[in-house]
A.B. asks: 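This structure is in structure tokens; I'll ask about it shortly.
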Amino acid sequence: MKILVINSGSSSLKFQVIDTDTEEVLAKGQCERIGIDGVFNYQTGGGIKIKETCPMKDHKEAVDRILRTLVDKEQGVIGDYAEIDVVGHRLVHGGEKFTGSVVITDEVLDVMRQCNDLAPLHNPANIIGVKACQELMPDTLMVGVFDTAFNQTMEPKAFLYGLPYRFYEKHKIRRYGFHGISHKYVSRRAAEFMGQRPDRVKTIVCHLGNGASICAVKYGRVIDNSMGFTPLEGLVMGTRCGDVDAGALEYLSKKENLDFPQIMNILNQESGVLGISKNLSSDFRELKDAEIKYNDTAALAREIFAYRVAKYIGSYAAAMNGVDNIVFTAGVGENDSDIREEICSYLEFLGITIDEVKNREQGEAVRISDGTSRVNVLVIKTNEELEIAREAAELVRGLKKEE
Ligand code: ADP
């Protein structure tokens, strides 16, 4: 099956065409600065590359540009639109309604709109991407794969906050957890790589990118996720603060005369390793360069980040009463061997020992723990697009069987 995977943001739209029979990426790219000046990036498995400015007034024009390129005689990878069996959309927030992937219907879009308040930056942009595809490919099936769905197996003891229960009943205030598509892909790939059955292992996935979250996956089901009602909770991230005492925020608002939107902006955009490093950078590579030059706050930012990750791993090992695999993924997790080493230095009590040479290797999947380690520590490249394509194909195969 050929699946067009779409990840639509407010001013950008990423895409990939994946043949799920071979899992080959036929083409991929992104439209950026939609509604501004427009930049189109495209490359094919055969080596064709395009990068050009291309005005796109809205998402429909962006999708149109993608489709025209995909069927182009010289640059394209398919003969016509009908060769695309399904469009798989990454959708961020499905609330409690969606526990798996769905065929996108008008009812699904209505439910998603009801979740807009839960993810005001993401859901409306996702819906715009779906609508654009529906208009240009009215006969093609659209499937939605939610970032929150995999986390829906959490039990109330994990997803409820210590707030009055009525706020859960009335407003659905609870932990949802995010990065579900990545956590699902990576936890399964880890089991496959180690020759284990996913329903027999306890895995902690550390998705450490600009946004970062940790997920405890026991026997194939999520039991906890460090992100909460919004992606703000949990780890110290690139620019997000992670866990913080709400009492400190009230104090801060009084001392600095700040209202809620201002505080939220600080917590989301000005905090994390960026804020701790006195605005030096949210990028771990730049922080490392600064640390080497004895920049104290850059070193402190990385230290705080690693410490928080280690604390979550410890707590999730307790939550699952053990752990078989710990997996690092995403930009920082896949590339920053020093951070991985520092995190693992807290975990000797779990019987973890790291092979320093392996830890510096690059690859799609690498086991960095040594032969004596009681827990497997792995680095696995995440692949959310492939996970979306797989799920979309699986859903369609299921529908065909039913017919
Ligand atoms: P997101 O998808 O959340 O934007 P990514 O998973 O792409 O994030 O991660 C981006 C982050 O990964 C960058 O901000 C940078 O800090 C980090 N990163 C990327 N490459 C490296 C590297 N070689 N060493 C350390 N950190 C890296």
Side-chain angles (χ1 to χ4, degrees), residues 5-16 28-30 32 41 90-92 119 121-122 125-126 145 147-148 177-186 189 205-215 225-227 230-242 268-277 279-293 295 297-306 308-309 327-344 359-364 366 368 379-388:
V5 177
I6 296 281
N7 183 354
S8 174
S10 55
S11 67
S12 72
L13 198 148
K14 293 187 195 148
F15 66 94
Q16 281 195 11
K28 65 178 180 181
Q30 53 186 327
E32 290 168 289
N41 262 296
R90 178 186 184 212
L91 305 176
V92 169
L121 295 179
H122 295 104
N126 294 161
V145 182
D147 226 10
T148 46
F178 295 86
H179 289 143
I181 300 168
S182 174
H183 288 305
K184 183 172 181 183
Y185 173 83
V186 171
R189 178 74 188 103
V205 181
C206 309
H207 179 111
L208 311 179
N210 198 27
S213 70
I214 301 205
C215 191
N225 184 299
S226 62
M227 281 181 167
T230 74
L232 188 56
E233 196 182 345
L235 302 177
V236 172
M237 308 182 208
T239 63
R240 296 188 195 124
C241 59
N268 276 300
Q269 315 290 347
E270 298 176 22
S271 300
V273 291
L274 174 73
I276 298 168
S277 68
N279 285 331
L280 187 71
S281 180
S282 62
D283 190 312
F284 280 72
R285 287 164 288 199
E286 289 176 17
L287 292 174
K288 193 166 151 189
D289 290 344
E291 184 179 3
I292 292 165
K293 293 177 194 142
N295 181 310
T297 51
L300 185 62
R302 286 172 61 88
E303 191 182 7
I304 290 172
F305 177 85
R308 179 81 58 95
V309 172
V327 197
F328 292 100
T329 194
V332 181
E334 290 167 21
N335 295 298
D336 198 325
S337 52
D338 291 345
I339 283 276
R340 292 196 299 258
E341 197 176 321
E342 190 168 337
I343 293 166
C344 291
N359 188 32
R360 303 214 173 252
E361 265 179 31
Q362 291 278 342
E364 182 270 323
V366 181
I368 63 168
V379 179
I380 289 183
K381 281 198 191 333
T382 191
N383 194 340
E384 289 166 286
E385 291 79 11
L386 179 57
E387 182 62 36
I388 293 168

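Both counts, for ligands and for their atoms, begin at 1 and track the order of listing. On a predicted model such as this, the values are computed, not experimentally measured, just so you know. Heads up: numbering here begins at 1 and tracks the sequence. Keep in mind that the numbers below use all heavy atoms, side chains included, and drop hydrogens, waters and symmetry copies.
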A.B. asks: Which atoms of ligand 1 sit under 4.0 Å from any heavy atom of D283?
C.D. replies: 15 (C), 16 (O)
A.B. asks: Within this structure, what is the CD1-SG distance for the pair I368 and C344, rounded to the nearest 0.5 Å?
C.D. replies: 5.0 Å
A.B. asks: Considering only non-hydrogen protein atoms, determine which one is nearest to atom 6 (O) of ligand 1 and report residue, atom name and distance to 0.1 Å.
C.D. replies: G331 N, 2.9 Å
A.B. asks: Can you check whether a protein heavy atom sits less than 4.0 angstrom from atom 2 (O) of ligand 1?
C.D. replies: no
A.B. asks: Within this structure, what is the CG-OG distance for the pair N295 and S281, rounded to the nearest 0.5 Å?
C.D. replies: 11.0 Å
A.B. asks: May I ask you to decide whether D283 forms a salt bridge with K288, counting only side-chain N to carboxylate O separations under 4.0 Å?
C.D. replies: no
A.B. asks: Would you find a donor on one side and an acceptor on the other, under 3.5 Å apart, between the side chain of N126 and the backbone of S8?
C.D. replies: yes
A.B. asks: Is N210 in polar range of ligand 1, meaning some N or O pair under 3.5 Å apart?
C.D. replies: yes
A.B. asks: If you round to the nearest 0.5 Å, how far is CD of E286 from CG of L274?
C.D. replies: 10.0 Å
A.B. asks: Tell me, which protein residue and heavy-atom name are nearest atom 17 (C) of ligand 1, and how many Å apart are they?
C.D. replies: V332 CG2, 3.6 Å
A.B. asks: Is K381 atom NZ crowded by more than 12 heavy atoms from other residues, nucleotides or ligands, each under 6.0 Å away?
C.D. replies: yes
A.B. asks: Hey, are E341 and R360 close enough for a salt bridge, meaning a charged N less than 4.0 Å from a carboxylate O?
C.D. replies: yes
A.B. asks: Look at atom 16 (O) of ligand 1 and say which protein heavy atom is nearest, naming residue and atom and giving the distance to 0.1 Å.
C.D. replies: F284 N, 2.8 Å
A.B. asks: Which ligand 1 atoms, with their elements, are less than 4.0 angstrom from a heavy-atom of A330?
C.D. replies: 6 (O)
A.B. asks: Answer with yes or no whether G211 contacts ligand 1, where contact means a heavy atom under 4.0 Å from a ligand atom.
C.D. replies: yes
A.B. asks: Which option, K288, H207, M237, R285, owns the non-hydrogen atom nearest atom 19 (C) of ligand 1?
C.D. replies: R285
A.B. asks: Nearest to atom 22 (C) of ligand 1, what protein heavy atom do you find, and at what distance?
C.D. replies: N335 CB, 3.2 Å
